Asks: 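I'd like to ask you about the structure that follows.
Quick caveat: nothing in here was measured; it's all calculated off a predicted structure. Every chain is numbered from 1, with letters handed out A, B, ... down the list of sequences. The basis for the numbers below is simple: all heavy atoms, side chains too, and nothing from hydrogens, waters or symmetry mates.
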Protein chains: 2
Amino acid sequence: MRVAVTLKDIALRAGVSQATVSIALGSSGRISGATRERILSIASELGYRRNLLVHGMQTGRTKSIGLLMSFCGRFEAGLFEGISGALDAAECVPFVLRPSRDVPVLGQIHALLDRRVDGILMRPTGEARWERHLHEALDRHVPVVSIDVETQADAPQVDFVGTDDAAGAAIAAETLFGAGHRRLACISTGDFPTPMFIRRKAFEAAVEKEKNATCHAVHQPWEDGIDGYAAANEVFSQSPRPTAVFVTMDALARGVYRAAAERRLRIPEDVSVIGFADELIAGLLQPPLTTLKQRPVDIGRIGAERLLARIDEADAHGERRRVLIQPELVERASLGQPPKL
Amino acid sequence: MRVAVTLKDIALRAGVSQATVSIALGSSGRISGATRERILSIASELGYRRNLLVHGMQTGRTKSIGLLMSFCGRFEAGLFEGISGALDAAECVPFVLRPSRDVPVLGQIHALLDRRVDGILMRPTGEARWERHLHEALDRHVPVVSIDVETQADAPQVDFVGTDDAAGAAIAAETLFGAGHRRLACISTGDFPTPMFIRRKAFEAAVEKEKNATCHAVHQPWEDGIDGYAAANEVFSQSPRPTAVFVTMDALARGVYRAAAERRLRIPEDVSVIGFADELIAGLLQPPLTTLKQRPVDIGRIGAERLLARIDEADAHGERRRVLIQPELVERASLGQPPKL
DNA sequence: CTGAAAGCGCTTACAG
DNA sequence: CTGAAAGCGCTTACAG
């Protein structure tokens with residue numbers, strides 16, 4: 001067994017004090033001339049590794065953060081990729097906790113705080129129970145940054161980085177208008193304050209502003225594996241039938257395609273479909289789904305960078321800053337002109 | 001700002017020594033009668049939270065582990081769900097680091113060790129560079145458990161929990177034999193020691209043992225977004241044409257379906273296809289893909305439990321233990337009898 | 001530039 | 001059952 005090498009060991013070998021070694025090894029402070037070189041070489045020879053537990057306790061910086069999020073799709077994978085990249089550059093490491101029904105959020109936040117994380121990055125679920133526990137962190141001057149879903153009034157000091165969902169929904173609407181559609185439908189799920197909710201509101205607002213345009217909106221409560229089938233059936237049984245459907249997340253398109261197939265409605269000849277998110281399924285559907293592509297890697301990276309900046313500022317209570325990332329239209333084959341009457 | 005409450009604060013208020021408070025709060029040792037009650041109530045009143053940095057330094061247990069894995073699909077999400085569940089129960093929290101070309105593995109292991117993780121759970125990539133750095137952990141008596149991909153001879157003390165890939169491949173072969181197929185093909189990717197490699201070898205071995213059965217094997221080097229299209233074209237241009245194709249991972253089926261469609265081969269009437277993993281895509285393909293379902297949540301859970309057990313045993317150098325989880329056939333629509341001549 | 005000392009917030013023998 | 005003391009491995013003023 002190898003026993004950990006300590007400052008004392010190095011000091012002994014180098015014939016200097018522990019304090020000198022500490023200073024020489026830290027990038028900080030007064031330089032120690034040639035002594036430093038000697039200390040450095042002894043340290044590396046001995047395979048010294050600083051105990052970050054103690055270091056963190058002394059300095060108040062553990063170079064660790066907490067990350068509260070779950071992993072279910074390509075979007076989350078992108079977020080994590082971006083986050084990891086930014087943290088790597090700062091030599092910071094994330095504790096990752098997965099929100100779940102069985103585990104109280106407060107307990108998770110305490111688990112992080114007890115380990116003295118420097119900050120917390122979170123992707124809130126839609127549920128409100130998150131917000132009220134954030135003060136446990138903020139009160140201790142541990143900054144919190146939220147990605148993808150914005151926290152609400154309860155926690156106005158929480159920075160936000162996410163997709164500009166409203167802009168994306170407006171692009172979807174404009175695209176449909178541009179193709180000649182006026183009789184639209186919107187199939188949605190997810191309540192305030194989820195991105196899906198914001199997309200729906202923005203889409204409806206865009207329709208309101210467009211002359212002669214109407215929107216038949218169907219909202220379904222969120223559930224696992226939701227696919228929009230029931231809502232699509234309602235939409236397709238309207239008369240006159242909408243010529244285009246906006247779904248607030250790609251997964252809903254699956255049910256739309258199925259309902260359309262059952263009614264022998266061709267996509268896009270009889271009905272156009274446009275999604276949001278560019279999840280894996282968008283490219284797999286036949287015809288491939290036109291959708292709004294998010295930039296999860298950027299969101300993750302910028303979110304982590306903002307958190308690191310907050311940590312350096314030592315300012316957990318500043319006003320909220322928001323960064324909105326523009327989504328981009330990915331044109332595939334599910335969108336065409338409205339059918340001729 | 002709230003300043004952290006320490007043992008001293010509680011001791012002062014309770015009129016006892018710091019040591020007494022420490023003992024009363026720890027679940028360990030001698031009970032302190034009524035004093036304990038008083039201390040406990042003062043602690044909770046003050047909102048005391050133990051500093052796990054210091055606690056970890058004192059006891060040598062940080063209740064943190066390192067988790068080295070990346071997130072790209074449903075399988076990984078399942079692993080993480082299982083891991084999280086097991087760790088939650090032990091009040092343990094994982095640092096999660098994502099392997100990537102840009103970041104040296106050694107650096108990641110050091111980042112974990114410097115933070116004094118109690119153990120490391122890893123899902124190795126196929127690359128060998130992992131293994132030789134594991135000793136950094138093992139030498140310090142930090143146990144390592146590997147999931148999904150078994151580490152090799154370099155690190156024989158590393159426990160393994162993963163799918164019984166060989167058994168799964170044998171099931172695939174038996175299923176095809178049972179349906180009457182004898183002219184088989186195997187499309188594979190991934191080298192030793194990935195699960196895909198093991199599946200391929202086991203499949204070929206099963207074919208060898210079956211009378212009159214042949215297998216046309218095509219191996220493609222692993223790359224991102226690989227879909228098996230080129231390999232499928234090679235398979236389909238054989239004469240006589242194989243009547244069934246085993247792909248060592250579901251994603252490869254995508255190219256097989258495409259190649260089949262281009263040649264107007266119907267699935268399963270003209271050619272049967274069987275996959276491995278039950279990834280999301282398996283259910284989305286048309287016809288839905290018959291495949292071998294893995295049990296990622298169990299693998300994750302058992303892997304984490306094994307690691308926790310190793311930590312408790314304080315035995316990082318015991319012999320390797322292996323847990324193989326049986327995969328299960330998911331019958332969907334891509335498998336039928338061979339075409340009549 | 002360097003050393004001696006104090007301190008971070010705990011736990012753990014060791015006495016009483 | 002409880003207290004006084006030492007110690008974990010560092011960092012940080014404070015003297016020299």
Asks: Can you tell me the distance, in whole Å, between the CD1 atom of B/Ile39 and the P atom of D/dT2?
Replies: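 Roughly 7 Å, once rounded to whole Å.
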Asks: May I ask you to say what B/Ser22 touches in the nucleic acid, namely base, sugar-phosphate or nothing, with a heavy-atom cut-off under 4.0 Å?
Replies: base
Asks: For residues 80-94 of chain B, which side-chain N or O atoms pair as donor and acceptor with protein atoms under 3.5 Å away, sequence neighbours left out?
Replies:
residue	atom	partner	partner atom	Å
B/Ser84	OG	B/Phe80	O	2.9

Asks: Looking only at the side chain of B/Ala19 (C-beta and beyond, no hydrogens), which of the listed nucleotides C/dT11, D/dT12, C/dT12 gets closest?
Replies: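 Within the option list, the nearest is C/dT12.
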Asks: From the set D/dC10, D/dT11, C/dT11, return the single nucleotide nearest to any side-chain atom of A/Thr59.
Replies: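 Among the listed nucleotides, the one closest to the side chain of A/Thr59 is D/dT11.
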Asks: Can you tell me how far apart CZ (B/Arg310) and CG (B/Asp159) are? Round to the nearest 0.5 Å.
Replies: 4.0 Å
Asks: Separation of A/Leu7 atom CG from D/dT12 atom C1', in whole Å?
Replies: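 One finds 13 Å between C1' of D/dT12 and CG of A/Leu7, rounded.
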Asks: Any ring-ring contact (aromatic ring centres under 6.0 Å, His included) pairs touching residues 7-26 of chain B, not counting sequence neighbours?
Replies: none
Asks: Between D/dG9 and A/Tyr48, is there an OP1 or OP2 to side-chain N/O distance shorter than 4.0 Å?
Replies: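 So the side-chain polar atoms of A/Tyr48 never come under 4.0 Å of the phosphate oxygens OP1 or OP2 of D/dG9.
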Asks: Given D/dG9, C/dC10, D/dG3, which nucleotide is nearest the side-chain atoms of B/Ser17?
Replies: D/dG3
Asks: Can you see which heavy atom on A/Ile109 is nearest to which on A/Leu134, and at what distance?
Replies: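 What the structure gives for the nearest pair is CD1-CD1, 4.0 Å.
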Asks: Mind calculating the distance between CD (A/Glu37) and P (C/dT2) to the nearest angstrom?
Replies: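 In whole Å, C/dT2 P and A/Glu37 CD are 12 Å from each other.
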Asks: Write down the distance between CD (B/Gln18) and C1' (D/dA6), rounded to a whole number of angstrom.
Replies: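 Going from B/Gln18 (CD) to D/dA6 (C1'), I get 12 Å.
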Asks: Ignoring the backbone of A/Asn51, work out which of C/dG3, C/dG9, D/dC10 is nearest its side chain.
Replies: D/dC10
Asks: When you check the phosphate oxygens OP1 and OP2 of D/dT2, does a side-chain N or O of B/Thr35 lie under 4.0 Å from one of them?
Replies: yes
Asks: For DNA chain D, whose closest nucleotide is more 5', that of B/Met57 or that of B/Val16?
Replies: B/Val16
Asks: Under 4.0 Å between a side-chain N or O of B/Arg36 and OP1 or OP2 of D/dC1?
Replies: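 Indeed not, no polar side-chain atom of B/Arg36 lies that close.
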Asks: For B/Lys8 and C/dC10, what is the distance between atoms NZ and C1' respectively, to the nearest whole Å?
Replies: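 To the nearest whole Å, that distance equals 12 Å.
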Asks: Just N and O in the side chain of B/Thr20: are any of them under 4.0 Å from OP1 or OP2 of D/dT2?
Replies: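 For D/dT2, OP1/OP2 do not have a side-chain N/O of B/Thr20 under 4.0 Å.
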Asks: Throw together a table of side-chain donor-acceptor distances under 3.5 angstrom for residues 10-17 of chain A, partners on residues two or more places apart or in other chains.
Replies:
residue	atom	partner	partner atom	Å
A/Arg13	NH1	A/Glu45	OE2	3.4
A/Ser17	OG	A/Ala19	N	3.4
A/Ser17	OG	A/Thr20	N	3.2
A/Ser17	OG	A/Thr20	OG1	3.0

Asks: Say whether A/Thr151 and A/Arg320, considering side chains only, have a donor N or O and an acceptor N or O under 3.5 Å apart.
Replies: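 Yes, a side-chain donor-acceptor pair sits under 3.5 Å.
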Asks: Quick one: A/Leu53 CG to D/dG7 C1', roughly how many Å, whole number?
Replies: 16 Å
Asks: Test of understanding: with salt bridge (charged side-chain N to carboxylate O under 4.0 Å, His left out), list the residues that count as partners of A/Arg38, not counting sequence neighbours.
Replies: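 Once residues adjacent in sequence are excluded, A/Arg38 has no partner under the salt bridge (charged side-chain N to carboxylate O under 4.0 Å, His left out) criterion.
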Asks: Both atom distances under 3.5 Å, Watson-Crick or G-U wobble: I'd like the secondary structure of DNA chain D as a dot-bracket string, with | for pairs made across strands.
Replies: |||.||||||||.|||
Asks: If the condition is salt bridge (charged side-chain N to carboxylate O under 4.0 Å, His left out), which residues does A/Arg49 pass it with, not counting sequence neighbours?
Replies: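 Counting only residues at least two positions away or on another chain, A/Arg49 forms a salt bridge (charged side-chain N to carboxylate O under 4.0 Å, His left out) with B/Asp114.
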Asks: C/dT2 P sits how many Å from A/Leu25 CG, rounded?
Replies: 14 Å
Asks: Quick one: B/Arg38 CZ to D/dT2 C1', roughly how many Å, whole number?
Replies: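 Interatomic distance, CZ of B/Arg38 to C1' of D/dT2: 12 Å.
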Asks: Take B/Arg116 and B/Gly15, find for each the nucleotide of DNA chain D with the closest heavy atom, and name the residue whose nucleotide sits nearer the 5' end.
Replies: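 Residue closer to the 5' terminus by nearest nucleotide: B/Gly15.
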Asks: Check the phosphate of D/dG9 against A/His55, side-chain N and O only, distance under 4.0 Å to OP1 or OP2. Yes or no?
Replies: no
